[in-house]
Amino acid sequence: MAKAFSIEDGNLSNRAIVTSVSKLHSDIDCTFEAKYADNENKKGDIYKKTDAASVRQAVKNLLMTVPGEKPFNPYFGSALNGMLFSLSNDVDEDDIESAIFQAIDTYEPRVIVNRVDVDINEDNYSVEATVIFQLINTLETVSVTVSISRKR
Amino acid sequence: MSINASELDFFNIKESLKTYLEQSDEFRDYDFEASGISNILDVLAYNTHMNGLIANMAVNESFLTSAQLRSSVLAHAESLGYTPKSVTSSTAVVNATVTIPDGPETITLDQNTEFCGDVDEVTFSFKTTEAATATNVGGTYTFKISNDSPNITLKEGTSKTKTFFVDGNATNQAYVLTDDNIDTTSLTVDVYENVTTQEFTVYNNIDYVPTINNASTIYIIREAANGYYELQFSDGNTLGKAPTAGSRIVVRYRTSQGASANGATEFVTKNFAYNGDVYPIVVTTVAGSVGGSDKESIQSIKFNAPRAYASQQRLVTSADYEALIFKTFGAYLKGVVAWGGNENVPPQFGKVFVSLQFQDGIDEQSQEIQKQIISDQLTSNLSIMSIDTEFVQPQTTYLEIITAFNADVNKSNTSLSGLTTNIESLIKEHFNTELNTFSAIFRRSQLLQKIDNLSPGILNSQMTVRAQQRIDEVVAGTEKDHTLNFPFGIASPDKDTHTVTTSIFSYNGQNVLIKNKLGSNILQIFDLNNEVKRTNVGTYDPAKGTVFLSGLLIDNSTELKVSAFPANQSTLVPLRNYILTLDESLLDVSGFIETGTNKATL
């Protein structure tokens, strides 16, 4: 079927229609590490994260944020840190999984969570959660692991 | 590219930063709250928000009108030379007697003897302000104070004493009185030259000292930022003498619970002890406790400080009288108005007239006491020589409000009678909040606007206003002239309506009333069938607003209400000491259901 475009639309038929941009997501690298750190002469900007790496970093940020930390957005974050200090009888893998699902559903619209694996290590007072999710735009599957443990 | 920096709200600042980032492809994740760039924007926006907030607050606190913190308002007031009122003790007056058979010639009731009075089931402690003595008259003793009066003044509160030693090394020393609720009017400051001496010098509050020289002994009392009070003295140069190093300063004052103690009407005190026996002291209340007030509010300080500054602690203009009297005695007063004798009717040169509207519950005796105190403390000291102050009672002008309104009850969930009741309440509330004080102007359109806005069911309203002056008692059996002054002009005579009418009274065995002759300002007595019974009982002057009743003779003594249509019903401006108030007994509100659905014929 032949397509016709109006003059107002700028004779689009004469041009290639751009259907995607090269980089969907770009963010600051939260490690704040400078490029060429080992070269004094070239040291300058910090690194950027793009696309899947950017979203992966955002998911990790979200899960590691305690509600109340973000100014004027007291509900933002996940309940993971609070659970670390709960009695082991009160919290199980399902609770942690549910908290992760809820946080991502609410605050990260770029992903669909496929699976969450939770490993509670009571002896070391630590929890490790691996979130496997898919980017909505690219359908790329990414995983991120967050680990919380007491300092001493 | 620029950042919009005019908004102080956190989200607006963040939006401005996002708008800035939109103009670049460098970082695109700013819209996702979990992203790193969003977190950085949070920090930037929060920082800007806080800086803006602090700058805004700092600027606000720099001006008296916009300051919010009490400490800032106090500082501004101080720079204007205004001392905010402290807590004031409630004051009562009692008589006390005791009967002691075979007692001594004289007995004494010490200063600070405690009397207890209850207000709403809470007991407050009152103290005598000076010692009272009583002599034996047939075994009965009536205590009298120094001026030989049996009226003993009681002040609510607790007496306290603080002692300070003057350190010669300290500069700009302030002596802190660690109490929030000091009645600063009760403060006495005695300075002893050294630790052992019993001789002392009395220091006085700078606010009440008319002149200052190098021998003056004065102190300054000021409320500190934390609510406590600080006492300061001269540096020894500019404000008279300063306590020398090693001196002992003894400060006595009363802490009070302020307005809470107002309203006690009965007092008791402990029995009088003599020779091992005790005898009950019979206490009779002369005036219940009134005049207690809390610390001056921030709003009040903001209002009074500039006015007190304008008066410069001198009584020259009428506004000075109003500002200084209200500043000093505001706890007792709802309003003050003052005017020069040249503006009085009739003029009386060499006088200033002051009218005081006292708070509710202050009896006549307490009012007279306060007027005397105002004369002694303020007007005698601070007014211009040869100008006398004369207190006059407030004059009440009653307004008779007749209101009619059209209603569509389908537009409201209130019935016609409900709307009528609501309008009556609104009119009473309007008078309570907007009028009932000096210089408060009645504006009919404002009240009608409130009525129209009261409910969607009220379609429109109209109002007729009559003013009314009263003769408290017309004495029966004696012909007497009466003159009533309205504080505004009266409507000219009308051919159809009587402009002036009175309430009904008894004359020659008949119920009658006075009305003006139609089209004339001559007043006549009419019976209830509108037949003239006396052709001339006086006149009224529309321009001057006076009604003159000549040789009025009635059968039974009664109060007489004289009503008149004002020349301008829309705006009633009371003069001098007149107060406009509502005659609730003659408030008339009537509603009509609007039925004008037929658009073809009447």
Side-chain angles (χ1 to χ4, degrees), chain A residues 20-33 44-78 80 100 102-111 113 131 133 135-137 142 144 146, chain B residues 1-63 66-72:
Chain A
S20 65
V21 290
S22 54
K23 297 289 181 191
L24 274 175
H25 306 298
S26 58
D27 194 6
I28 281 177
D29 183 351
C30 286
T31 62
F32 293 100
E33 199 171 304
D45 286 350
I46 58 172
Y47 285 103
K48 284 203 299 186
K49 292 230 186 247
T50 57
D51 293 341
S54 159
V55 178
R56 189 171 177 277
Q57 177 182 265
V59 171
K60 191 168 183 177
N61 276 347
L62 171 62
L63 297 181
M64 298 302 284
T65 302
V66 179
E69 272 185 348
K70 201 169 171 72
F72 297 96
N73 197 349
Y75 301 111
F76 180 87
S78 76
L80 284 187
I100 291 171
Q102 192 183 353
I104 294 176
D105 272 358
T106 312
Y107 292 108
E108 190 44 87
R110 292 175 289 183
V111 303
V113 179
V131 185
F133 58 87
L135 267 63
I136 288 177
N137 282 31
V142 184
V144 62
V146 293
Chain B
M1 289 193 292
S2 63
I3 298 172
N4 179 8
S6 63
E7 297 286 353
L8 291 180
D9 178 70
F10 173 84
F11 294 105
N12 289 334
I13 296 166
K14 196 171 172 185
E15 280 306 314
S16 297
L17 294 170
K18 284 182 184 176
T19 307
Y20 172 74
L21 286 176
E22 276 174 11
Q23 299 165 52
S24 157
D25 283 341
E26 192 73 12
F27 300 107
R28 301 166 195 272
D29 285 5
Y30 46 79
D31 267 338
F32 300 104
E33 288 295 299
S35 66
I37 191 74
S38 175
N39 280 290
I40 288 175
L41 293 187
D42 280 342
V43 174
L44 292 172
Y46 188 73
N47 190 41
T48 309
H49 170 73
M50 291 307 290
N51 282 337
L53 199 67
I54 290 164
N56 199 28
M57 277 181 64
V59 174
N60 276 345
E61 295 301 316
S62 303
F63 299 95
S66 56
Q68 299 292 312
L69 297 173
R70 187 175 178 87
S71 55
S72 305

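Source: prediction; values computed, not measured.
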(request) State whether B/Asp29 and A/Lys49 are salt-bridged, where the test is any N-O pair (Lys NZ or Arg NE/NH1/NH2 against Asp/Glu carboxylate O) under 4.0 Å. (result) no

(request) Determine the minimum heavy-atom distance between A/Val142 and A/Ala52, stating which atoms define it. (result) CG2-CB, 4.0 Å

(request) Answer with side chain, backbone, both or neither: which region of A/Phe72 has an atom nearer than 4.5 Å to a non-hydrogen atom of chain B? (result) both

(request) Find the one option among A/Ile28, A/Asn61, A/Asp27 whose heavy-atom pairs under 4.5 Å with chain B are most numerous. (result) A/Asp27

(message) B/Thr19: which residues meet the side chain to side chain donor-acceptor pair (under 3.5 Å) condition with it, sequence neighbours left out?
(response) none

(message) Under 4.5 Å from any heavy atom of chain B, what part of A/Asp29 do you find: side chain, backbone, both or neither?
(response) neither

(request) Heavy-atom distances under 4.5 Å only: say whether B/Phe11 touches chain A with side chain, backbone, both or neither. (result) side chain

(request) Among A/Arg110, A/Glu108, A/Lys48, A/Glu69, single out the residue with the greatest number of heavy-atom pairs under 4.5 Å to chain B. (result) A/Arg110

(request) Keeping to residues at least two apart or across chains, list the salt bridge (charged side-chain N to carboxylate O under 4.0 Å, His left out) pairs with something in residues 32-42 of chain B. (result) A/Lys70-B/Glu33, A/Lys70-B/Asp42, B/Lys14-B/Glu33, B/Lys14-B/Asp42

(request) Run the numbers on A/Leu80 and A/Leu63 for side chain to side chain contact (heavy atoms under 4.5 Å, CB included), then give the verdict. (result) CA-CA 7 Å; A/Leu80 284 187; A/Leu63 297 181; 4.2 Å; yes

